[in-house]
Structures are given as C-alpha cells and as structure tokens.
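This report refers to the structure that appears directly beneath it.
Chain letters run A, B, ... following the sequence lines, proteins first and then strands; every chain starts at 1.
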There are 2 protein chains.
Amino acid sequence: MSDYSTPVRRPTIVDVARVAGVSTAVVSYTLNGRRGVSAATRERVLRAADQLGWRPATAARSLRSGPAAAALVVVHDQPFGTRAAFPLDLVTGALQTIGPDTLTLAVHVAGSTAEAAQLMDRWWTERRYAAFVVTGIRADDERLAALRSLPAPAVVVGTAPDGAPATWQHVVLDDDDAFEQVGDFLAELGHRRVAMVAGSERLVSPARRAAALEVALARRGIGLRTVAGDGPGRAAAALRPLLAAGDRPTAVVTDDDATAGLVLDVARRLGLGVPWDLSVVAGTDSPACYLTTPSLTAVPYPVEELGRATGRALRAALGAGPDWRGTGSGPGGEQHPRAVEPPSGTVAVGRLVVRGSTAPPPGG
Amino acid sequence: MSDYSTPVRRPTIVDVARVAGVSTAVVSYTLNGRRGVSAATRERVLRAADQLGWRPATAARSLRSGPAAAALVVVHDQPFGTRAAFPLDLVTGALQTIGPDTLTLAVHVAGSTAEAAQLMDRWWTERRYAAFVVTGIRADDERLAALRSLPAPAVVVGTAPDGAPATWQHVVLDDDDAFEQVGDFLAELGHRRVAMVAGSERLVSPARRAAALEVALARRGIGLRTVAGDGPGRAAAALRPLLAAGDRPTAVVTDDDATAGLVLDVARRLGLGVPWDLSVVAGTDSPACYLTTPSLTAVPYPVEELGRATGRALRAALGAGPDWRGTGSGPGGEQHPRAVEPPSGTVAVGRLVVRGSTAPPPGG
DNA sequence: TTGAAAGCGGTACCAT
DNA sequence: ATGGTACCGCTTTCAA
C-alpha cells in the first residue's frame, strides 16, 4: 500500500456490503450493472458506495479480469517540429470515444523503436496493458515485430501495415485525397515545375504522401522532383541549390509545417517573393501555418478526429478478443452494452486550406 | 484475462516454483533479491524464471504492495507553441533517473485543470498510481487542491507551491539567474527601454519570470514594460502598437520561443530591422530559435535535466512514505538499496545563448 | 534455508 | 434475488 502519514484505509466492497447489509457478490453485481439485483437493493448498495466514496481497486479488478488499460507508446527522438504535440492531441481525441470507465489510455515515451518494442513486450508479459497504440511507424519498425510476436491487440495510426493480424486495427488519413487536391490545385494555378521536400525517410507515412502527390501530378502530366527533408539542416541544404537554380520549381510542397516555414525562410534569403515567385504548400496544417508571413496554404491535419477514430479502433481491437471485459464502472455507473464496432479505417482530411503562400507561377 | 485466439496462459510463480522444485515463497524471495536463499536454490529459481519467460503480473503485485507507477497529468488546452513537446522531453529525462524496474511513469492528458484534478482523485482512490507529477501550474490550479486533499505524494514541476505537504517535492528552473543574465546582458548592450511579452497569465511560472527580469533591470535603473502575450492573437495585437510607437522599446524579451518568432514577424512587417532597430530575446530556447532569421538569442531551457531532477524528486516523494516499496524486479534483477534522496530543488539553466537577434540599441 | 498458508480486493460460479 | 466462496498471482508472516 502507498499509505502515508495517516494510513487512510480506503473502503473495499466488504465495507460497502456491510453498510448496505448485503453480500459482496451483490455489491459486485450491482456496481457492474448486472441484472439480477432488485431495485431496492441496488439503490442501497449504490448509496452505500457513494457515501463511502468507494472506487474499485484497479489491481484487484485487473487480477481477475485483465487490465482495462491501453498504452500509446511514442518514439520520441526528434525534438524538432510542432508535430511534437501529436501524441497529446491524438489522446485528447481518443478519450472522446473511450469513456474513462471502460478503458484508460496512457502515453509512454521511448527513445527508439527498439526500446519501445522492449517496453511493450515487457508490459504485455506483466499484463499491464491489454492493447497498444503505435504511431509514426518507421521502415522496419521493431514495434510492429514485437506486437506481432506477443501477440497483442494493437492500433496502428498513420499507416496500414500489411499482413496485420486479426487483432490489429489501423487508422490512417486519406492522404490520397489530400495530395490529389494539392496536385489539382497547383496544376490549375498553372504550375508545371513542382518539388516536394519529403519528410523523414525513416518514417513510412511521408513516403506514401509523396507518392500520392506524384501520382496526382502525373495524371496532369506534371513531374515531381523530390528532395530530402529529414531534419531542418538537411532540408535547408537541399533547398538552397534547388531554389537558386535556373529551372527552379515554381511550387514547393512539404510534408510538415516546420519544413514549410523553413522553405519560406530560404526563399526570403534568396530574394524570392512568396507567393509571386514561389508557391508553398504545407503538407500538415497547424497553428504555426497562419502565423507565418505569408500564411501557409496547407493540407488539413485533423489529429483529434484521428484520435477519435483511434479510440473506436481500440475498442474494436479489444472487442475482437473473446475474453476482454471492459465492463464495470463506478457507483452509479450504467452498463453500456458495447455495440459491435466497425473496422478501423480512413479519416477524411477535408478541403485544402488556401492561404497566402500560393499563387499562379511567375509569368504564368 | 486478455487472451486471444490461442489463450496463452502466461507463467506464474507457481510454474517457476514447480520447475525449480521449490515453494512459491522461495521464488518470491529470490526474485525480489531478499537474503535467506541459498546460492544453489537462487540459481535454480533464476534459471527457471528465465527459461519460462516469467514476469511478475502487475496487478497481483500491486494488490499487495501498492502501485509501482506514477502519472504525469498534463493539461493540454493550448495547441500553440513548440513547448508542446515539453511533457515528452520531461518524461524522457525522468526515465533516466528512475529505472523501469522500480517505477513506471505514464503520461495522461486532461483538457482542463478541473478534469485533471478529477482524474487524479479517481486514480488515487482506485490505487492506480502511487504518486503524481504536475507541470504548468496555473493560478488557482485545481490539481494542487486535489493533490492536497487526497493526500498523494506529488512532484510539482516549474513552480514551488507554498504550504506544500511533506510528501510533495518540487523542481524548478533557476529563473532568477536566467533573467538576471538577460537583464545584465541587455543593460550592458546599452538598452534602456525594455519590454517583456509575458506568457499566459493563467500560468504561474511566466509571472515569476517576468518579475525576475523586472528586478534584474531595476537593479540597473531600467524599467520594464510588460504586455499581454497569452496566445498568438493577443500577443500580436499588443505588439503592433508597442513597436509602432515613438518611444518603442529597443529590446523585447518573451516568455517562450513561439512568441519570440511572432515578435520577429511583427517587426518585419513594421519595417524594423532585427537586431539593428530592435533586439529580441526568447525566454525559452528551442530548435526553432536557430532556424529563424535572424536566429534568436535565448535563455536555455534544459527540459531533460529538469526531467532527471523530476525523476529524483519522484523517488524522494515516494521514499518519504513509510510503506511504499519499489523493490522487486525481473529475473536476475538485483536489489538496489534505495539511497536517501536529497530534497528536490532548483535546476541551473546555464549561460544565455547569444545569437543574432540582439545588438546595441539604435544610436546606442 | 525452506514450506504452508493467510491475505490483498474484486469477480463469478454455484447454491439456495 | 441473494449469499457463500473459490479463485486471480504475488507477498509475507509464521513454523519447521
């Protein structure tokens, strides 16, 4: 016990049962909203529990019923970029679709995919979490291998892993639609020379996005030049020669908002006016995008919506197992019959947000 | 249980005991590194546990010994700013001083201090966590009140709460030193008119920092104008008239990096050259500070170091209680005698990082 | 040094 | 509809 100074012994169902004048079984039934308890008894138990300030001990419940918690394991190794808030926003959204009575979602931080994999393996073996959520999947991500071998229910956010076990769900943004929109938009403005500053090469998702843009532009007969954008240093180094060249692109698309800001900066230093000499599109919208000069045309990035979908996927992933019970809630908690969840899927991104950084090409 | 498809029954100490040919008590003793087990037996048990891939079930252990986990409860309601990564960096640092065998640190997200308070109350009552870590304390923060009434061991990061219970620890940055440095630096450059764009008024810490700067400047006979900086919109609105006025400040200090970027932007729009017409100092250094044009002179922000101190404080907070045991580890885990922890304290910020955004005042 | 057994706080089966 | 009670897996007396 973690009792201090005054060892406040917190009430147990035995106390509740005594106060209500019933057995512990009835208390358990009542508090878990199962039928077979008379209204009068139910009332007394609920009142007793409420009066005593009773809450179920997590450990005791987990011991029999398994953990009612899932973990989002974040690989935190790139301090740069405003996307750092991503996990927090994602969880905010997820909490909107999973009631705290059903499941709690904790965030854990690892310094590498290997460390993350090891942690998940450990926590799964310790029966600490019933499922895991992973994002920002890299090429050869050790987390996926670990999850596969456990095997634990999982939600993969941002990528659709191939050959996923039945207990996995995935939630992705509709990048195809998003970059189709970007391609169409730039083509219609008259741009013929377009470049993309790709995001981190280690990440899987940016590659998909770049491919989507390439396809969309190809349909219009426009080619796409891609330059490395992994980290601000490399991006800047690649950007300078690109924009200084005579056949420089008239439009640059980035994978994320931070890199788009960098493009603005490099353009300014080279004396290129945005949007007159160069159009810039950020592949990821964020508050930073409307604070720049000029403000950035950007692909919406509905992280909270992604989070809500993640919450649903999590329930589905757990619901897929025959044994998991997320029932049971506090005093007065109702029993919500868990509906059959639709499989996880694709989250729409909405319409491209056109701001001040895009215009027809010079002389266009 | 959260078993799926193949209900893999994970091994328990009973299995380990059987394989090793001893009782469960001996297994428990061995795995917790207690003395009184013969070397030979110990060896057999360890081998058996290792061979079976045994790990202690969190729930079972917690049921008797109390939770071996703490939670950082983040209030996530301001999407703006690169400080969003703060909790993640903090945890990264904290994990360096708390071994995963001793304690795990989970991050949880709440939309408001009230919600955070409610969650902590709930989790404390459910015996889910043994301690809580809170940051970004606001005026009249409900989390503090909740923690006080529980009463739970806590680590307060960023502020030293007054009248804190004995089971609380706090970790703060040495803001006095930091802004003393800023004040001296600006004074020596020759600045006489200095303004500070304060951070969110709801937060406690920015107010302290502004006060520290004011004191440092006052010592040099220089006054400080403070303008509201809560959110980019307000900051921009306050900044424009300030910088357009005839008696405009020759140096502006901000609380955070994002606002400093905003100052750069407003100055550019007003045709003020930085640093020739205006010096800018960011109160919080970040990678974004050396990507701007010009790069920003900034106060170091050693978040990971803050995290390490937080980890130590957490151990101290838990060690203060007579009953908490963080012992017990995996197979082969050694028993580390827990040293008496020093009380929590102040983390040094280091030397002001001088970059391109500061210079003597015009005509100075 | 080792073993038997009583909890920890719920859940759920089996009687009544 | 309700009560008695055997678990869940581990820790920790208490004896031997």
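Put simply, CZ on Arg128(B) is 16 Å from P on dG9(C), counting in whole angstrom units. Straight-line distance from the CD atom of Glu126(B) to the C1' atom of dG10(C): 13 Å, rounded to whole Å. For the pair Arg61(B) CZ and dG9(C) P, the computed distance is 18 Å after rounding to whole Å. Here dG3(D) presents its C1' atom at 13 Å from CD1 of Ile13(A), a figure rounded to the nearest Å. At whole-Å resolution of the value, CD in Glu43(A) and P in dT2(D) are 13 Å apart. Residue Leu63(B) contributes atom CG, which lies 10 Å from atom C1' of dT11(D) at whole-angstrom precision. Rounded to whole angstrom, the span from the CG atom of Asn32(A) across to the C1' atom of dG10(C) amounts to 9 Å. In this structure, Leu31(A) places its CG atom 13 Å from P of dA12(C), rounding to the nearest Å.
Arg122(B) and Asp101(A) are joined by a salt bridge, as a carboxylate oxygen and a charged side-chain nitrogen come within less than 4.0 angstrom of each other. Salt-bridge check for Arg55(A) with Asp121(B): failed, with every basic side-chain N at 4.0 Å or more from each acidic carboxylate O. For Arg18(B) and Asp15(B), the salt-bridge test passes: some basic side-chain N is under 4.0 Å from an acidic carboxylate O.
Residue contacts for Thr12(B): at a heavy-atom cut-off of 4.0 Å it reaches the sugar-phosphate backbone alone, with no base atom in range. Residue Thr24(A) is in base contact, counting any heavy-atom pair closer than 4.0 Å across all strands shown. Nucleic acid contact class of Val14(A) (heavy atoms, under 4.0 Å, all strands): none. At the heavy-atom level, Ala25(A) lies under 4.0 Å from base atoms of the strands shown. At a threshold of 4.0 angstrom between heavy atoms, the contacts of Val22(A) are confined to the sugar-phosphate backbone, with no base atom among them.
A side-chain donor-acceptor contact under 3.5 Å links Gln96(B) and Glu304(B).
In this structure, Ala60(B) and Arg35(B) both approach DNA chain C, and ranking their closest nucleotides by distance from the 5' end singles out Arg35(B). Projected onto DNA chain C by closest heavy-atom contact, Tyr29(A) and Gly21(B) fall at different nucleotides, the more 5' of which corresponds to Gly21(B). In terms of position on DNA chain D, the residue among Ala59(B) and Val26(B) whose nearest nucleotide sits closer to the 5' end is Ala59(B).
Under 4.0 angstrom from either OP1 or OP2 of dC10(D) there lies at least one side-chain N or O belonging to Trp54(B). In this structure, Ser62(A) does not reach the dG10(C) phosphate: none of its side-chain N or O atoms is under 4.0 Å from OP1 or OP2. Between Arg34(B) and dT12(D), a side-chain N or O to OP1/OP2 separation shorter than 4.0 Å is present.
Closest to the side chain of Ala57(A), out of dG9(C), dT12(D), dT1(C), is dG9(C).
Between the side chain of Arg127(B) and the backbone N or O of Arg10(A) there is at least one donor-acceptor pair closer than 3.5 Å.
Taking only distance into account, the side chain of Arg64(B) meets the base of dG7(C) through a donor-acceptor pair shorter than 3.5 Å.
For Phe132(B) and His108(B), the distance between ring centers is not under 6.0 angstrom.
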